[in-house]
Asker: 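Structure below; questions to follow.
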Amino acid sequence: MADESGDEQPKYLQIADALKAAIELGTYGPGARLPGENVLAPQYGVSPMTARRALRMLTSQGLAESRKGAGFFVQAFHPIRRRGIQRLARDQWGSGKSIWAADENRPLDVDQVAFEELIPPAHIQRMLGLGDEETACARSRRYTLDRRPVMIATSYLPYSLVAGSAITQADTGPGGVYARLADLGHAPVHFREEIRGLLPTSKEAAALEMSLERPVLKICRTAFAEDQRVVEVNEMTLDSASYVLDYEFDA
């Protein structure tokens with residue numbers, strides 16, 4: 001099998017492509033065990049190491065998962081459809097609903113949460129318009145679905161703006177951070193999200209329990225109040241195999 005340049009594809013890519021096609025055809029359904037390296041190696045005339053590399057390629061693409069001592073299985077996890085516009089509408093968080101409820105009827109769990117007052121990284125200082133010695137409230141969370149880590153996120157808000165409010169506590173109450181900002185007279189009226197695809201750092205891969213070879217989605221959301229002041233910067237890292245980003249809007 002040759003690529004577009006006419007060069008022969010490496011054997012491990014040929015095997016990975018064949019397995020991917022079989023998964024897409026339904027030959028191997030969700031949760032099905034894939035042929036192991038000892039089966040693939042003689043079938044394709046390659047070493048077990050090459051066959052294993054092909055299987056690892058499928059895990060890096062989010063199509064398969066490795067189970068210690070059991071082999072490789074077709075990924076059974078159904079990606080979360082993240083509705084980027086509906087979730088930030090004021091009638092969502094303003095009515096006391098979680099913004100996550102706009103995505104799907106599959107509520108996420110927060111299994112790790114931390115909050116502290118700190119001097120934020122320089123780029124966050126600039127985005128929030130803070131002076132060198134001004135602090136931010138940093139809220140860090142890890143989100144899971146069916147006990148699978150899918151996202152880690154840290155929100156930064158000017159501490160002088162939120163001091164003494166529920167935003168500096170673990171439970172921010174109905175509607176979350178944005179509803180509490182509204183209570184303080186600083187309701188977000190405009191959002192901007194920037195999205196990039198990158199390979200994870202070792203720390204991010206460990207937190208998300210994912211392969212270092214699979215990309216993550218980096219979303220940086222900036223929330224603006226009526227006076228154009230930035231009231232929150234939220235840096236999110238999503239496992240790319242766990243999400244579909246859905247943006248639906250009128251022309």
Side-chain angles (χ1 to χ4, degrees), residues 1-84 103-104 106 108-109 111-112 142-153 195-219 236-247:
M1 184 183 297
D3 62 21
E4 292 181 355
S5 67
D7 295 330
E8 187 75 13
Q9 274 192 317
K11 281 286 190 179
Y12 79 93
L13 288 180
Q14 294 181 37
I15 299 169
D17 285 349
L19 290 172
K20 180 180 179 181
I23 292 170
E24 291 173 344
L25 286 171
T27 305
Y28 301 107
R33 190 176 189 276
L34 292 168
E37 57 203 66
N38 292 333
V39 173
L40 294 171
Q43 179 181 345
Y44 287 91
V46 298
S47 69
M49 183 177 295
T50 297
R52 187 170 185 82
R53 188 177 181 187
L55 291 165
R56 287 184 59 84
M57 174 64 70
L58 295 180
T59 66
S60 70
Q61 295 173 343
L63 296 173
E65 60 181 350
S66 174
R67 300 178 190 171
K68 190 173 183 179
F72 291 81
F73 295 78
V74 177
Q75 181 61 256
F77 182 85
H78 179 63
I80 302 160
R81 187 164 292 276
R82 182 185 187 274
R83 297 189 169 94
D103 294 341
E104 291 183 79
R106 301 162 71 197
L108 301 183
D109 294 315
D111 71 341
Q112 296 175 12
R142 185 175 80 162
Y143 296 87
T144 66
L145 180 60
D146 301 331
R147 293 184 291 183
R148 171 190 173 121
V150 295
M151 180 177 72
I152 52 177
I195 304 170
R196 294 183 296 161
L198 299 170
L199 289 176
T201 65
S202 57
K203 184 177 180 180
E204 290 167 343
L208 291 169
E209 299 177 10
M210 61 176 283
S211 168
L212 281 165
E213 299 169 345
R214 183 163 71 239
V216 292
L217 297 171
K218 292 275 195 174
I219 302 179
M236 296 161 270
T237 302
L238 292 64
D239 179 355
S240 61
S242 296
Y243 278 91
V244 172
L245 303 186
D246 186 324
Y247 293 90

Asker: Can you give me the closest heavy-atom contact between L55 and E37, atom names plus distance?
Answerer: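 Scanning both residues, the minimum pair turns out to be CD1-N, 4.0 Å.
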Asker: Does any part of the side chain of I219, heavy atoms only, come nearer than 4.5 Å to the side chain of M151, both counted from C-beta?
Answerer: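 They are not in contact (no side-chain heavy atoms under 4.5 Å apart), so the answer is no.
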Asker: Looking at A51 and A41, what are the two nearest heavy atoms and their distance?
Answerer: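 Minimum heavy-atom contact is CB-N, 4.0 Å.
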Asker: Apply side-chain contact (heavy atoms from CB on, under 4.5 Å) to the pair Q75 and L63, showing each step before the final yes or no.
Answerer: CA-CA 5 Å; Q75 181 61 256; L63 296 173; 5.7 Å; no
Asker: Any side-chain heavy-atom pair from Y28 and L34 closer than 4.5 angstrom?
Answerer: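 In short, these two side chains touch, coming nearer than 4.5 Å.
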Asker: For the backbone of A241 and the side chain of D239, can you confirm whether one donor and one acceptor N or O come within less than 3.5 Å of each other?
Answerer: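 Yes.
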Asker: What pair of heavy atoms forms the shortest contact from P149 to S242, and how long is it?
Answerer: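 Between these two residues, the closest heavy atoms are O-OG, 4.5 Å.
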Asker: Verify the neighbour count for atom CZ of R53: are there more than 12 heavy atoms of other residues, nucleotides or ligands below 6.0 Å?
Answerer: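 No, CZ of R53 has 12 or fewer neighbouring heavy atoms, counting only those of other groups under 6.0 Å.
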Asker: Taking side chain as C-beta onward, heavy atoms only, is R82 less than 4.5 Å from Y247?
Answerer: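 Answer yes - side chains close enough.
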Asker: Looking at every non-hydrogen atom in both residues, tell me the closest pair between V216 and P200 and how far apart they are.
Answerer: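 Looks like CG1-CB, 3.7 Å.
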Asker: What's the spacing between I152 CD1 and T144 OG1 if we round to 0.5 Å?
Answerer: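 It comes to 13.0 Å.
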Asker: State the CG-CG distance between L40 and L19, to the nearest 0.5 angstrom.
Answerer: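 Here the rounded value is 5.5 Å.
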Asker: Locate the shortest heavy-atom distance separating A76 from P30; write the atom from each residue and the value.
Answerer: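 The answer is CA-CB, 4.0 Å.
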Asker: Nearest 0.5 Å, please: how far is CD1 in I15 from CD in Q43?
Answerer: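 Here the rounded value is 8.0 Å.
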Asker: The criterion is salt bridge (Lys or Arg N to Asp or Glu O under 4.0 Å); which residues satisfy it with R81, sequence neighbours excluded?
Answerer: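 For R81, the residues satisfying salt bridge (Lys or Arg N to Asp or Glu O under 4.0 Å) (neighbours in sequence not counted) are D246.
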Asker: Below 3.5 Å, can you tabulate the donor-acceptor pairs from side chains in residues 201-209 to any protein atom, sequence neighbours excluded?
Answerer:
{"from": "T201", "atom 1": "OG1", "to": "E204", "atom 2": "N", "distance (Å)": "3.1"}
{"from": "T201", "atom 1": "OG1", "to": "E204", "atom 2": "OE1", "distance (Å)": "3.4"}
{"from": "E204", "atom 1": "OE1", "to": "T201", "atom 2": "N", "distance (Å)": "3.0"}
{"from": "E204", "atom 1": "OE2", "to": "K218", "atom 2": "NZ", "distance (Å)": "2.3"}

Asker: Checking Y44 against Q14 for the side-chain contact (heavy atoms from CB on, under 4.5 Å) test, could you report, in this order, the C-alpha distance in whole Å, the side-chain angles of both residues, the deciding distance, and whether it holds?
Answerer: CA-CA 9 Å; Y44 287 91; Q14 294 181 37; 5.8 Å; no
Asker: Would you compute the distance between atom NZ of K11 and atom OG of S47 and round it to the nearest 0.5 angstrom?
Answerer: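 One finds 11.5 Å between NZ of K11 and OG of S47.
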Asker: At their closest point, which heavy atom of R33 faces which heavy atom of G71, and how far apart are they?
Answerer: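 The answer is NH2-CA, 4.2 Å.
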Asker: How long is the span from the CG atom in L238 to the OH atom in Y243, to the nearest 0.5 Å?
Answerer: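 Rounded to the nearest 0.5 Å, the CG-OH separation comes to 5.0 Å.
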Asker: Got a donor-acceptor contact below 3.5 angstrom from the R214 side chain to the S240 backbone?
Answerer: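 Answer holds: no.
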Asker: Would you check if F73 and R67 make a side-chain contact, meaning some heavy-atom pair closer than 4.5 Å?
Answerer: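 Counting from C-beta outward, F73 and R67 do come under 4.5 Å.
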Asker: Going from CE on M49 to CZ on R56, what distance comes out if it is rounded to the nearest 0.5 angstrom?
Answerer: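 Those atoms lie 11.5 Å apart.
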Asker: Got a sec, which residues hit side chain to side chain donor-acceptor pair (under 3.5 Å) with R83, two or more places apart in sequence or on another chain?
Answerer: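 Not a single residue meets the side chain to side chain donor-acceptor pair (under 3.5 Å) criterion with R83.
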Asker: Less than 4.5 Å apart, any side-chain heavy atom of T237 and any of L198?
Answerer: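 They are not in side-chain contact.
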